[in-house]
2 protein chains.
Amino acid sequence: MPEQKSPAKGEAVSRARIRDAAIRLFGERGYPVIGMRDLSEAVGILPGSLYAHISSKDDLLLDIVVTGITAFIDVIQPVVDADLSPDQKMREAIRAHLGVLAQQVEQTRVTFHQWQYLGPESRAKAVEIRQKYEDLFVQIIDEGVASGAFRDSGHHRLPVLMIAGILGSATEWYRPEGRDSAEEMADAIVDQVLLGLQQAA
Amino acid sequence: MPEQKSPAKGEAVSRARIRDAAIRLFGERGYPVIGMRDLSEAVGILPGSLYAHISSKDDLLLDIVVTGITAFIDVIQPVVDADLSPDQKMREAIRAHLGVLAQQVEQTRVTFHQWQYLGPESRAKAVEIRQKYEDLFVQIIDEGVASGAFRDSGHHRLPVLMIAGILGSATEWYRPEGRDSAEEMADAIVDQVLLGLQQAA
DNA sequence: CCTACCGATCGGTAGG
DNA sequence: CCTACCGATCGGTAGG
């Protein structure tokens, strides 16, 4: 229940509480426009006191981004390793992605759209782990192209970039409280990715 | 040739020159982290002097966003109005989009990813015109579903969000100097959108 | 387009 | 986790 806005009296201000507040604020208004004072108000301490729990604003963002993307890798890697056909893998990978997204919409927004504000060193780490995430989809597509299950577009990485584009944008329009469940949403995306828009002749 | 970084001596600092510099800086590093001092250095005047040409930072961003998205509407609207089949319209619309993107990658990056930093009033204007852009694709898809050319996903707006997601992400990975021309890129995207990944049986 | 400047806010720290 | 504070930078303005 990290949703509360004001500090819970008597509950210690932990690093985790600061992280949760930061996820919400960064996600809603963007990392650069959130000041340490906004953050300290949200958790109910004074600005300088934040530094008893975190080492810097940049470090806080890196933490959010790394744990955010790791959650996706943790659920998609098993799908890639499973004994499934390429199109089944793609289906399950997208379902797994949407499942994690539903659990952490706000963190995913920060993870996918705010890492550009990391300092050079933190940014390098974020890019590396993000690459691992993308590689999972590259593997699935390569398998599919090799087996003949997927069309060979002639562009090695482009299909992955498009799928990542869809999933990344889903972060902006998916609403956990909306009419469609994560499962329905995932199936609609899978159909678009695998079958395309056109009616089969 | 708005690519130069240092001020061209003797050339007047026009509003257009400031806009071009802003597009580059906002696109590379993000609107909130660019100061008016960065901007004034880029065009070769002192910070306060910028206000002889623009009324505010927010107004400058709004200008960039509105002209940026208008460029897309201007080329896609004729496609929607043309006498073409839905899949041909989709193909031509995506081609037209990529054509504009190729001409103004940096401005498109700002247009699609930084409008969230606009103040409330400017933001409302940006959302409105962005809606017009999305509606063009909604029209094409509705036509296609009505004629039976496209699958009916059961989700009215979702296909558009996915296509917009792909095109929006293209802004991040498309490089005008890259191997693939805008035309090739567009065709690969069209195939993905219309046919999907799966090999026809 | 410059000079000279405004009040506000920034991330972060020393020393408890 | 507070007190008290640092130097730097922010968007913007008055009056030429």
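Worth knowing before you read on, the calculation uses all heavy atoms, side chains too, and leaves out hydrogens, waters and symmetry mates. Naming: A, B, ... by sequence-line order, numbering from 1 per chain.
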Listed nucleotide nearest any side-chain atom of B:Tyr51, set D:dT13, D:dC10, D:dC2 = D:dT13
To the nearest angstrom, the CZ-P distance between A:Arg37 and D:dC6 comes to 14 Å
Examine distances only and state if a side-chain atom of B:Arg151 and a backbone atom of A:Gly196 form a donor-acceptor pair shorter than 3.5 Å.
-> yes
Check the pair A:Ile54 / A:Met36 against side chain to side chain contact (heavy atoms under 4.5 Å, CB included), numbers first and verdict last.
-> CA-CA 11 Å; A:Ile54 63 167; A:Met36 301 311 275; 3.6 Å; yes
Over how many whole Å does the gap from A:Leu25 atom CG to C:dG11 atom P extend?
-> 12 Å
Compare the minimum distances between each of D:dG12, C:dC2, D:dC2 and the side chain of A:Ile45, then state the nucleotide with the smallest one.
-> D:dC2
Could you label the plane-to-plane angle of the A:Tyr133 and A:His97 rings as parallel, tilted or perpendicular, counting under 30° as parallel and over 60° as perpendicular?
-> tilted
Please say whether the positively charged group of B:Lys57, taken as NZ for Lys or CZ for Arg, lies over the ring of B:Tyr31, i.e. under 6.0 angstrom from the six-membered ring centre and within 45 degrees of the axis.
-> yes
In whole Å, what is the span from the CD atom of B:Glu41 to the C1' atom of D:dT9?
-> 13 Å
Spacing between A:Asp59 atom CG and C:dT13 atom P, to the nearest angstrom = 12 Å
Determine the contact category for B:Ile34: base if any of its heavy atoms lies under 4.0 Å from a base atom, sugar-phosphate if only primed atoms, P, OP1 or OP2 are that close, otherwise nothing.
-> sugar-phosphate
Among D:dC10, C:dG11, D:dC1, the one nearest any side-chain atom of B:Asp38 is D:dC10
Considering only C:dC1, C:dC10, D:dG11, which nucleotide approaches the side chain of B:Ala52 most closely?
-> C:dC1
Of the candidates D:dC2, D:dG12, C:dG11, the side chain of A:Lys57 sits closest to C:dG11
Interatomic distance where CG belongs to B:Leu39 and C1' belongs to D:dT9 [whole Å] | 16 Å
Please determine, for the side chain of B:His53, which listed nucleotide (C:dC1, D:dC2, D:dC10) has the closest atom?
-> C:dC1
Classify the side-chain pair B:Thr111/B:Gln104 by whether it contains a donor and acceptor separated by less than 3.5 Å.
-> no
Can the positive tip of B:Arg130 be found less than 6.0 Å from the middle of the six-membered ring of B:Phe72, inside 45° of the ring normal?
-> no
Atom CG of B:Leu60 and atom P of D:dG11 are separated, to the nearest Å, by 11 Å
To the nearest Å, how far apart are B:Met36 CE and C:dC10 C1'?
-> 18 Å
Roughly how bent is the helix from C:dC1-D:dG16 to C:dG16-D:dC1 end to end, in steps of 10 degrees, with each end axis from five pairs?
-> 10°
Spacing between B:Leu61 atom CG and D:dG11 atom P, to the nearest angstrom | 13 Å
Let me have the donor-acceptor pairs involving side chains of residues 183-195 of chain A, under 3.5 Å, with sequence neighbours excluded, atom names and distances please.
from     : atom 1 : to       : atom 2 : distance (Å)
A:Glu183 : OE1    : A:Ser181 : OG     : 3.3
A:Glu184 : OE1    : A:Ser181 : N      : 3.2
A:Asp187 : OD1    : A:Arg95  : NE     : 3.2
A:Asp187 : OD1    : A:Arg95  : NH2    : 3.2
A:Gln192 : NE2    : B:Val193 : O      : 3.0

